[in-house]
2 protein chains.
Amino acid sequence: MSRQELPILDASCCTPLTSEALTEESAVDLAKGFKALGDPVRLRLLSLIASRKGGEVCVCELTDAFTLTGPTISHHLRVLREAGLIDCQRRGTWVYYWIIPAKLSALSQLLDVPAASPDAVSA
Amino acid sequence: MSRQELPILDASCCTPLTSEALTEESAVDLAKGFKALGDPVRLRLLSLIASRKGGEVCVCELTDAFTLTGPTISHHLRVLREAGLIDCQRRGTWVYYWIIPAKLSALSQLLDVPAASPDAVSA
DNA sequence: CTTCTGCTTAGAAGGACATCTAATCAGGGA
DNA sequence: TCCCTGATTAGATGTCCTTCTAAGCAGAAG
């Protein structure tokens, strides 16, 4: 594992949305990350992995935390991995997953807007 | 406009993923936000709105920035609005959109993990 | 009042996605 | 070697999503 064409740290930006508009190219790339986060199961999986002391979680523990089948969990983990948000390694019988902080940070920074809108408030 | 049941500032967390695991409830709520961001068109729309000096953009300008039809742009704006990421107001013939910074910040903070993983690096 | 423009809603078509069962692969132990 | 457990892959199914065209609504202007 730890296999294949992960974008490593793709070209897309690290500046907040408020600074300048995204190119179509960047938008396509970044949207993949957010799409991966856009499912409750994957978000919980990611949080279970990210919040783990030691940084690693065995798949078997993740599976136990849901009422979904193993293949379904495996599918969601793959989506997260292909989005570059997590990576994994097999050790003996078990497979361990961990987060890729740089990727999460990049997405975080994109959304990091000043707490109060420039002006134009109300509703 | 500015209508209906926006979650205003929903119960879901503001602490990073690394601090503690999400409840299923929070995950469902937060995933809605990320799902809305998980499309290249919506991400570009949001960036066009967020990066605008003055904080507001007319729909007509947004439509011009894409090769998609008006109804399609309108659909994506609705998704962003229902996710609580933007809001809008009609003024005369035109409709103006602006971002809701608090909502973006909440999502940003969730993904705001320390730059280096606790340990467990490599790949 | 009628008509024009800007925008949204309705409905349909095609593709993408989440989930399951069944089958396969990888390692460890008898 | 054979089997057992942990995990992924393959294939199927029902649902959701993106996009379009056509129709409707809101305000301004003649």
Side-chain angles (χ1 to χ4, degrees), chain A residues 1-6 24 27-28 30-46 48-49 56-83 85-98, chain B residues 1-6 24 27-28 30-46 48-49 56-83 85-98:
Chain A
M1 292 174 184
S2 239
R3 46 215 150 167
Q4 101 256 6
E5 19 47 50
L6 294 177
E24 185 171 350
V28 167
L30 290 161
K32 287 177 188 167
F34 288 122
K35 179 181 278 188
L37 296 171
D39 179 280
V41 174
R42 287 197 289 271
L43 210 45
R44 280 188 67 207
L45 281 170
L46 192 70
L48 284 169
I49 299 170
E56 292 185 339
V57 187
C58 174
V59 171
C60 56
E61 287 185 69
L62 296 172
T63 305
D64 288 349
F66 295 83
T67 55
L68 298 167
T69 64
T72 297
I73 297 301
S74 200
H75 160 72
H76 285 301
L77 288 170
R78 177 212 278 262
V79 173
L80 288 170
R81 189 160 47 76
E82 289 182 346
L85 296 167
I86 61 176
D87 200 1
C88 64
Q89 186 182 39
R90 173 167 222 126
R91 285 208 283 282
T93 308
W94 295 276
V95 176
Y96 294 87
Y97 279 83
W98 58 87
Chain B
M1 291 172 185
S2 238
R3 44 212 153 169
Q4 100 254 5
E5 19 47 49
L6 295 178
E24 185 171 350
V28 167
L30 290 162
K32 288 177 188 166
F34 289 122
K35 179 182 278 190
L37 296 172
D39 178 279
V41 174
R42 287 196 290 270
L43 209 45
R44 280 188 66 207
L45 281 170
L46 192 70
L48 285 169
I49 299 170
E56 293 184 338
V57 187
C58 174
V59 172
C60 56
E61 287 184 69
L62 296 172
T63 305
D64 289 348
F66 295 82
T67 54
L68 298 167
T69 65
T72 298
I73 298 301
S74 198
H75 159 73
H76 285 301
L77 288 170
R78 176 212 278 261
V79 172
L80 288 170
R81 189 160 46 77
E82 290 183 345
L85 296 168
I86 61 177
D87 201 1
C88 63
Q89 187 183 38
R90 174 169 222 124
R91 284 207 283 282
T93 308
W94 295 276
V95 177
Y96 295 87
Y97 279 83
W98 60 85

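Below, each value reflects all heavy atoms present in this structure, side chains not excepted, and no hydrogens, waters or symmetry copies. Below, chains carry the letters A, B, ... as their sequence lines are ordered, and counting in each starts from 1.
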note: B:R78, atom CZ; D:dC17, atom P; distance rounded to Å ~ 13 Å

request  = Could you tell me whether the phosphate oxygens of D:dT18, OP1 or OP2, come under 4.0 Å of any side-chain nitrogen or oxygen in B:R42?
outcome  = yes

query = Does A:T69 put a side-chain nitrogen or oxygen below 4.0 Å from OP1 or OP2 of C:dC20?
reply = yes

Separation of D:dC20 atom C1' from B:I73 atom CD1, nearest Å, is 13 Å

When rounded to whole Å, the CG to P distance for the pair A:D39 and D:dT15 reads 17 Å

### Sugar-phosphate, base or nothing in reach of B:R91, heavy atoms under 4.0 Å
nothing

Using a 6.0 Å cut-off, check whether atom CD of A:E24 has over 12 heavy atoms from anything other than its own residue. no

Whole-Å distance, B:H75 NE2 to D:dT21 P, equals 15 Å

* **Worked verdict on A:H76 versus A:T72 for side-chain contact (heavy atoms from CB on, under 4.5 Å)** => CA-CA 6 Å; A:H76 285 301; A:T72 297; 3.8 Å; yes

Applying side-chain contact (heavy atoms from CB on, under 4.5 Å) to A:L48 and A:V57, what does each step give before you reach the verdict?
CA-CA 8 Å; A:L48 284 169; A:V57 187; 5.7 Å; no

When rounded to whole Å, the CZ to P distance for the pair B:R90 and D:dA26 reads 8 Å

Closest of D:dT19, C:dC7, C:dT19 to the B:W94 side chain is C:dC7

Per atom distances to the B:V59 side chain, the nearest of D:dT18, C:dT19, C:dC7 is C:dC7

Q. Can you find a side chain N or O atom of B:T93 that sits less than 4.0 Å from OP1 or OP2 on D:dG27?
A. no

Separation of C:dC7 atom C1' from B:H76 atom NE2, nearest Å, is 16 Å

When rounded to whole Å, the CG to C1' distance for the pair A:D64 and D:dT5 reads 13 Å

OP1 or OP2 of C:dC7 under 4.0 Å from side-chain N/O of B:Y96: no

Q: Please state whether the phosphate of C:dC20, meaning OP1 or OP2, lies under 4.0 angstrom from any side-chain nitrogen or oxygen of A:T72.
A: yes

(message) Just so I know, are the side chains of A:L37 and A:L46 near enough to count as touching, which here means a heavy-atom distance under 4.5 Å?
(response) yes

When A:G92 and A:L68 are each assigned the nearest nucleotide of DNA chain C, the 5'-most assignment goes to A:L68

From CD of B:E82 across to C1' of D:dC17 the rounded distance in Å is 13 Å

Short side-chain N/O contact to C:dC17 OP1/OP2 from A:K35, under 4.0 Å = yes

Check: Can you check whether A:Q89 reaches A:W98 side chain to side chain, under 4.5 Å on heavy atoms?
Finding: yes

